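Lettering of chains follows the sequences in order, A, B, ..., and the numbering in each one begins at 1. These figures come from a predicted structure and were not determined experimentally. All values below were derived from every heavy atom in this structure, side-chain atoms included, with hydrogens, water molecules and symmetry-related copies excluded.
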Number of protein chains: 2
Amino acid sequence: MVKYDDELLDDVFHVLSDPTRREILKQLGVGEMTVMNLAKPFDMSLPAISKHLKVLEKAGLVSVRKEGTFRYYGLNPKTVDSAFEWLMELRNFWTTQLTSLEHFLDNQPKEK
Amino acid sequence: MVKYDDELLDDVFHVLSDPTRREILKQLGVGEMTVMNLAKPFDMSLPAISKHLKVLEKAGLVSVRKEGTFRYYGLNPKTVDSAFEWLMELRNFWTTQLTSLEHFLDNQPKEK
DNA sequence: CCTAAACTTAAACACATGGTTAAATATGAT
DNA sequence: ATCATATTTAACCATGTGTTTAAGTTTAGG
């Protein structure tokens, strides 16, 4: 199995475990957005969104560009790939294990 | 976009955000295991592992089978699929958005 | 019935999280 | 200089997390 950076995975999966952040990530797929505009769909204060964006940034999922008083947040799609690939490998590992004879024998039902 | 259960995604991604739980999930790919054996590789008390297993169970990623004083934990691979599929769709959504003209125009660099 | 083994539950703790409101900061416009 | 706008920082709060140790619980075996 490929080696993954545990801390990176911690951060990325933690980011993904919050619905607001998932929604923000989806939204950013459309293009760069200001904090104000990102906040609009949510029934939540601006500082709350600002905090979520910090979490996203710390995990390397987004980056910021300043322009006047605005801050344009944009995607960093590669970081999500690390989580995706980890998940893919996990599933892959499971599948190969599950088809092995050893596993088959170990998992014969012992009761029902 | 397909509709996903937010609470399920919250739980599954939260499970995945901890390295101990990721390791447990990987390990369970080999086959059912008792708590004792699952705990062995970790430098951590048994109750700590027990709690992680509760989290995994609550998220629907594993299930338990009792046999005497032992508890055999086994995988529930389908639940991980929901997170995997959500991630896949997100990437997919991004990709289609990123190739659209609209996005291209919105994202011309404004400074450098 | 007694004991050992395999867990779980309880209680406690330090720290993180997700939210709030109010105040500070930075920038552009008048 | 003043003001409004966009955003962050600070301070606070309730709740959740990951861990520990100590005390149950359940079950198998002498």
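The side chain of A:Lys51 places no N or O atom within less than 4.0 Å of a non-bridging phosphate oxygen (OP1 or OP2) of D:dT8. Phosphate proximity of C:dT8 to B:Ser50: present, with a side-chain N or O under 4.0 Å from OP1 or OP2. Between B:His52 and D:dT17, a side-chain N or O to OP1/OP2 separation shorter than 4.0 Å is absent. Dashed line: the shortest gap from a side-chain N or O of B:Ser45 to OP1 or OP2 of D:dT20 is under 4.0 Å. Under 4.0 angstrom from either OP1 or OP2 of D:dT27 there lies at least one side-chain N or O belonging to B:Lys66. Side-chain N/O atoms of A:Arg21 include one lying less than 4.0 angstrom from OP1 or OP2 on C:dG18.
Rounding to whole angstrom units, CZ of residue B:Arg65 and P of C:dC7 are separated by 12 Å. Atom C1' of nucleotide C:dG18 and atom CZ of A:Arg22 are separated by 14 Å, given to the nearest angstrom. Put simply, CD1 on B:Ile49 is 14 Å from C1' on C:dA6, counting in whole angstrom units. Atom P of nucleotide C:dG18 and atom CG of A:Leu16 are separated by 12 Å, given to the nearest angstrom. A straight line from OH of B:Tyr72 to C1' of C:dC7 spans 13 Å, rounded to a whole angstrom. Atom P of nucleotide D:dA6 and atom OH of A:Tyr73 are separated by 15 Å, given to the nearest angstrom. A straight line from CZ of A:Phe13 to P of D:dT17 spans 18 Å, rounded to a whole angstrom. Rounded to whole angstrom, the span from the CG atom of A:Leu56 across to the C1' atom of D:dT7 amounts to 16 Å.
Contact of the A:Arg91 side chain with the B:Asp81 side chain is registered, since non-hydrogen atoms from C-beta on lie closer than 4.5 Å. Inter-residue side-chain proximity for A:Asp11 and A:Lys58 is flagged as met; some heavy-atom pair is nearer than 4.5 Å.
Taking for each of A:Pro47 and A:Asp18 the nucleotide of DNA chain C with the nearest heavy atom, the 5'-most of the two is the partner of A:Asp18.
Residues passing the salt bridge (charged side-chain N to carboxylate O under 4.0 Å, His left out) test with A:Arg22 are B:Asp6, B:Asp10, sequence neighbours excluded.
The stretch residues 36-44 of chain B touches DNA chain C through B:Met36, each having a heavy atom under 4.0 angstrom from the strand.
If you check D:dT19, C:dT27, D:dT8 against the side chain of B:Thr20, the one that comes closest is D:dT19. Of all nucleotides listed (C:dC7, D:dT9, C:dG19), C:dC7 comes nearest to the side chain of B:Val35. Among the nucleotides C:dG18, D:dT8, D:dG18, the one closest to any side-chain atom of A:His14 is C:dG18.
Just one of B:Leu28, B:Leu25, B:Val12 meets the side-chain contact (heavy atoms from CB on, under 4.5 Å) condition when paired with B:Leu56; it is B:Leu25.
With hydrogens and angles ignored, the 3.5 Å screen pairs a side-chain donor or acceptor of A:Asp18 with a backbone N or O of A:Arg21.
Nearest heavy-atom pair, B:Lys54 versus B:Tyr73, reported as atom, atom and distance to 0.1 Å: NZ-OH, 4.3 Å. The two residues B:Val80 and B:Leu61 have their closest heavy-atom pair at CG2-CD2, 3.1 Å.
Between B:Phe13 and A:Phe13, the ring-plane angle classifies as parallel under the 30° and 60° cut-offs.
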